[in-house]
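Every chain is numbered from 1, with letters handed out A, B, ... down the list of sequences. Scope of the values below: all heavy atoms of this structure, side chains included, with no hydrogens, waters or symmetry mates.
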Amino acid sequence: MELTDQEKTRRENLAKIRDLGIDPFPAALFPVTHLAADILAKVETDEEGKVTNLQEVTLAGRIMSQRIMGKAAFANLQDSSGRIQLYVSRDDIAPGEDKALYNDLFKKYLDLGDFIGVKGFVFKTRTGEISVHVKELTFLGKSLRPLPSPKRDDEGHVYDEFKDPELRYRMRYVDLTVNPQYKEIFRKRSRLITSMRQFLDDLGLMEVETPILQPIHGGAAARPFKTHHNTLDVPMYLRIANELYLKRLIVAGFDGVYEFAKMFRNEGMDRTHNPEFTAVEFYVAYKDYNWMMDTCEQLLEHAVQSVNGTTKVKAGDHEIDFRGPYRRLTMADAIREHTGENIDGADEAELRAIAKRLHVHVDNTMGRGKLVDEIFGEHVEAKLIQPTFITDYPVEMSPLTKKHRSKEGLVERFELIVNGKEIANAYSELNDPIDQRARFEEQVELARRGDDEAMATDEDFLRALEYGMPPTAGIGIGIDRLVMLLTGQKSIQEVLFFPQMKPQPGSTGKNKEV
RNA sequence: GAGCCCCUAGCUCAGCUGGCUAGAGCACCUCACUUUUAAUGAGGGGGUCCAGGGUUCGAGCCCCUGGGGGCUCACCA
C-alpha cells in the first residue's frame with residue numbers, strides 16, 4: 001500500500017525521534033496522577049483567579065491540537081476523561097543549552113495523535129482557560145496515521161466532522177478518539193449491565209454460562225449460523241437462544257439462574273438487527289409471570305435510575321418513565337382498544353377475516369398465533385409508548401409457555417413494550433413434559449406448512465422436563481435495544497462497539513484509508 | 001428484498017448547461033512568533049474525480065454495466 005505524504009512524514013518523524021536518542025515506543029510505565037476531567041473538576045482559584053491547588057500533576061494522552069508561537073505553545077491533550085489545554089514553553093521543558101526537546105521533538109516531530117506524558121502545574125491563562133503549565137514532557141507513543149480532525153468553534157459548530165457511519169463503525173478506535181462524545185453510550189451500556197447484574201445478584205440468583213455451540217438450536221424461532229466440529233465430525237449451531245439450557249439448570253436444582261448472553265441469528269441486518277446481539281435471561285423457580293412482571297418493573301426502574309440518574313428517558317417527542325408499576329393489558333384488550341376488533345375466542349378463519357378488515361398482510365402459512373401477532377404488530381405495538389406489559393398470548397406462538405391457568409387457548413406470557421418496541425419477553429415456563437412434546441409437534445406441523453422459523457424438537461430438553469421441573473418464571477431482556485432507548489440512538493450499530501459489517505473488498509468504492 | 005440518494009485531496013465538501021493545467025477550508029511541509037484557543041502572518045506540496053465500457057472534437061459532469069455506502073419501507077429481537 002502506497003503511503004500518503006502525511007504518513008511518510010510521520011515515519012520520518014519517528015526516525016528523527018530515534019535519532020534524538022528517544023524511544024518513540026518506550027516500555028516503562030508512566031506514573032499518571034490525574035485525568036483531564038479530574039483537574040477541571042477539582043481546580044480551585046483565589047479571589048484574583050489564581051489557581052491555588054494542583055501544583056503538581058502528571059497526566060498522559062494524545063496530542064489533539066497544537067498552537068505554536070515561537071518559543072512557547074499551547075496544545076490540547078486528550079485522555080480517557082476528556083481534554084485539557086497544555087502550555088509548553090521552550091525554556092521550561094528544555095532548561096539547559098540543548099533545546100532539541102522543544103525545538104525538534106515538540107515543534108517538529110510531534111504529530112497530532114501522538115501520545116505524550118506531561119508533568120506540571122495547573123494555572124489559568126489570560127483568557128481564563130484552565131491549563132497545565134508543562135515542566136517535563138515525555139514521549140509515550142507515535143501515531144503513524146493522521147486522525148481526522150474535527151474542529152469546534154465558539155458557537156459549537158463542528159467542522160470536518162468524522163461522521164461517515166461506515167468508516168466510524170469499521171474504525172471504532174478512530175471514531176471514539178475523534179468523537180469521544182460517543183463513549184458515553186458505551187459507558188451507559190456498561191453501567192446498565194453492571195446495575196442489572198447487581199440487582200440479580202441481590203435477588204439471590206446465580207450467574208451461569210451455557211453453551212454457545214449447540215448441537216441443535218432451540219429456544220427461539222430464528223435461522224441459525226451453522227458450523228462444523230472437526231473432531232466429532234458433526235454439525236453445530238451458534239445459539240439462537242439459551243433458554244432451554246437455563247431451564248435444564250432449574251431442573252438441576254438451582255432456584256434462580258441468569259446469563260448475559262450473546263445470541264446469533266442468521267437473518268437480516270438493519271438499524272435494529274445485528275447478527276449477534278445481547279440479552280439477559282433469568283429463570284426463577286416457584287414463581288409465575290405475575291411475579292416476573294413485578295420483578296421486571298423493579299429491575300428496570302433500578303437499572304434506568306443507575307444509568308441515567310433518573311427513571312425518565314427522552315425518546316423523540318415522548319418522555320418515558322420507567323418508574324413502576326407499568327400498565328398491564330391483555331393482548332386481546334390491547335387489540336380491542338386500538339382497533340375495535342374482538343379476537344376473544346376467534347378461530348383461525350375469523351382471525352384471518354379480522355386481519356383482512358384491518359389491512360394486515362396475511363398468508364396461508366400463518367396459524368392463529370401468527371395472525372394475532374401480525375394484527376398486534378401492525379396496529380398496536382407502535383402506539384405503546386410508556387412501559388406496558390402485554391399479557392396472555394395465543395398458545396400457538398408460544399411453544400415453551402405454560403397454558404393460562406383460567407383462559408382457554410392462551411398462555412401465561414407477557415412482553416414489555418416501551419416506545420413501541422419489545423424490550424422483554426417472559427412467561428410462566430411450561431414444565432409439563434407431555435404438553436411440551438405436543439407443542440414441539442405443533443411446531444413441526446407449522447414447519448411443514450412453510451414456517452421456516454418454527455422450532456425444532458429438543459429430545460434432551462424433553463428428557464430433562466420428564467425428570468421434573470418446578471414451576472418457574474423466566475424472562476429475556478434485549479440489552480442492545482434497551483441501550484438504544486436509554487441513549488436515544490436510532491440504530492443498533494451505535495450501541496455496539498463493533499457492529500457486523502460487510503467484508504471490505506480490495507480497493508473499490510469508498511473503502512478509503514483514513 | 002423494493003424505492004430514493006451518494007462516492008472528487010488525509011478529513012469535510014464545492015465543481016453551473018459537457019469546455020483553460022480540477023477547487024476551498026482544515027490537516028500536512030517550510031519560515032516567523034513566549035498566554036493562544038477554529039491561534040496568526042508569509043510561502044509550498046498533495047488527486048486512479050469508485051471501477052470498466054460507451055457517446056462526444058472534448059466527460060468529474062451525459063448513457064450503460066459493475067462495486068461500495070447511506071436513508072426510507074417491509075420481516076426476524
Pairwise salt bridge (Lys or Arg N to Asp or Glu O under 4.0 Å) hits with a residue in residues 84-93 of chain A, at least two apart: Asp91(A)-Lys99(A), Asp92(A)-Lys135(A)
Atom [atom1] of [X] to atom [atom2] of [N]: distance rounded to whole Å?
{"X": "Phe162(A)", "N": "C26(B)", "atom1": "CZ", "atom2": "C1'", "value": "16 Å"}
{"X": "Glu374(A)", "N": "A74(B)", "atom1": "CD", "atom2": "P", "value": "12 Å"}
{"X": "Asp270(A)", "N": "G69(B)", "atom1": "CG", "atom2": "C1'", "value": "16 Å"}
{"X": "Glu494(A)", "N": "G70(B)", "atom1": "CD", "atom2": "P", "value": "11 Å"}
{"X": "Glu422(A)", "N": "C75(B)", "atom1": "CD", "atom2": "P", "value": "14 Å"}
{"X": "Met64(A)", "N": "C11(B)", "atom1": "CE", "atom2": "C1'", "value": "13 Å"}
{"X": "Lys163(A)", "N": "C7(B)", "atom1": "NZ", "atom2": "P", "value": "13 Å"}
{"X": "Asn76(A)", "N": "C26(B)", "atom1": "CG", "atom2": "P", "value": "17 Å"}

Which part of the nucleic acid, if any, lies within contact of [X], taking any heavy atom under 4.0 Å across all strands shown: a base, the sugar-phosphate backbone alone, or nothing?
{"X": "Arg271(A)", "value": "sugar-phosphate"}
{"X": "Asn425(A)", "value": "nothing"}
{"X": "Asn274(A)", "value": "base"}
{"X": "Thr272(A)", "value": "base"}

Results of ring pair (Phe, Tyr, Trp, His ring centres under 6.0 Å) for Phe121(A) - residues two or more places apart only: His133(A)
All ring pair (Phe, Tyr, Trp, His ring centres under 6.0 Å) counterparts of Phe461(A), not counting sequence neighbours: none
Show me the side-chain donor-acceptor pairs of residues 491-498 of chain A shorter than 3.5 Å, one per line, residues at least two apart or across chains.
residue   : atom : partner   : partner atom : Å
Ser491(A) : OG   : Gln493(A) : OE1          : 3.4
Gln493(A) : NE2  : Asp270(A) : O            : 3.3
Glu494(A) : OE1  : Arg168(A) : NH2          : 2.8
Glu494(A) : OE2  : Arg168(A) : NH1          : 2.9
Glu494(A) : OE2  : Tyr169(A) : OH           : 2.9

Distance between [atom1] atoms of [N] and [M] (Å, rounded):
{"N": "A2(B)", "M": "U8(B)", "atom1": "C1'", "value": "30 Å"}
{"N": "A24(B)", "M": "U65(B)", "atom1": "P", "value": "36 Å"}
{"N": "C11(B)", "M": "A74(B)", "atom1": "C1'", "value": "36 Å"}
{"N": "C26(B)", "M": "C63(B)", "atom1": "P", "value": "35 Å"}
{"N": "G67(B)", "M": "U56(B)", "atom1": "P", "value": "28 Å"}
{"N": "C73(B)", "M": "C13(B)", "atom1": "C1'", "value": "30 Å"}
{"N": "A27(B)", "M": "A39(B)", "atom1": "C1'", "value": "15 Å"}
{"N": "G46(B)", "M": "G19(B)", "atom1": "C1'", "value": "26 Å"}

Check side-chain hydrogen bond (donor to acceptor under 3.5 Å, both in side chains) between [X] and all other residues, then give those that pass, not counting sequence neighbours.
{"X": "Lys370(A)", "answer": "none"}
{"X": "Arg265(A)", "answer": "none"}
{"X": "Ser143(A)", "answer": "Arg10(A)"}

Member of Tyr283(A), Phe282(A), Phe389(A), Tyr427(A) meeting the side chain to side chain contact (heavy atoms under 4.5 Å, CB included) criterion with Met292(A): Phe282(A)
Straight-line distance of Leu329(A) CG to His338(A) NE2, nearest 0.5 Å: 8.0 Å
From Gln214(A) atom CD to Ile216(A) atom CD1, the distance as rounded to the nearest 0.5 Å: 8.5 Å
Watson-Crick or G-U stems of RNA chain B, 3 or more pairs, under 3.5 Å, by first number: B:1-7 with B:67-73, B:10-13 with B:23-26, B:28-32 with B:40-44, B:50-54 with B:62-66
Letter per nucleotide, 5' to 3', of nucleotides 28-36 of chain B [B base touched, S only sugar-phosphate touched, - untouched; heavy atoms, 4.0 Å]: SS---BBBB
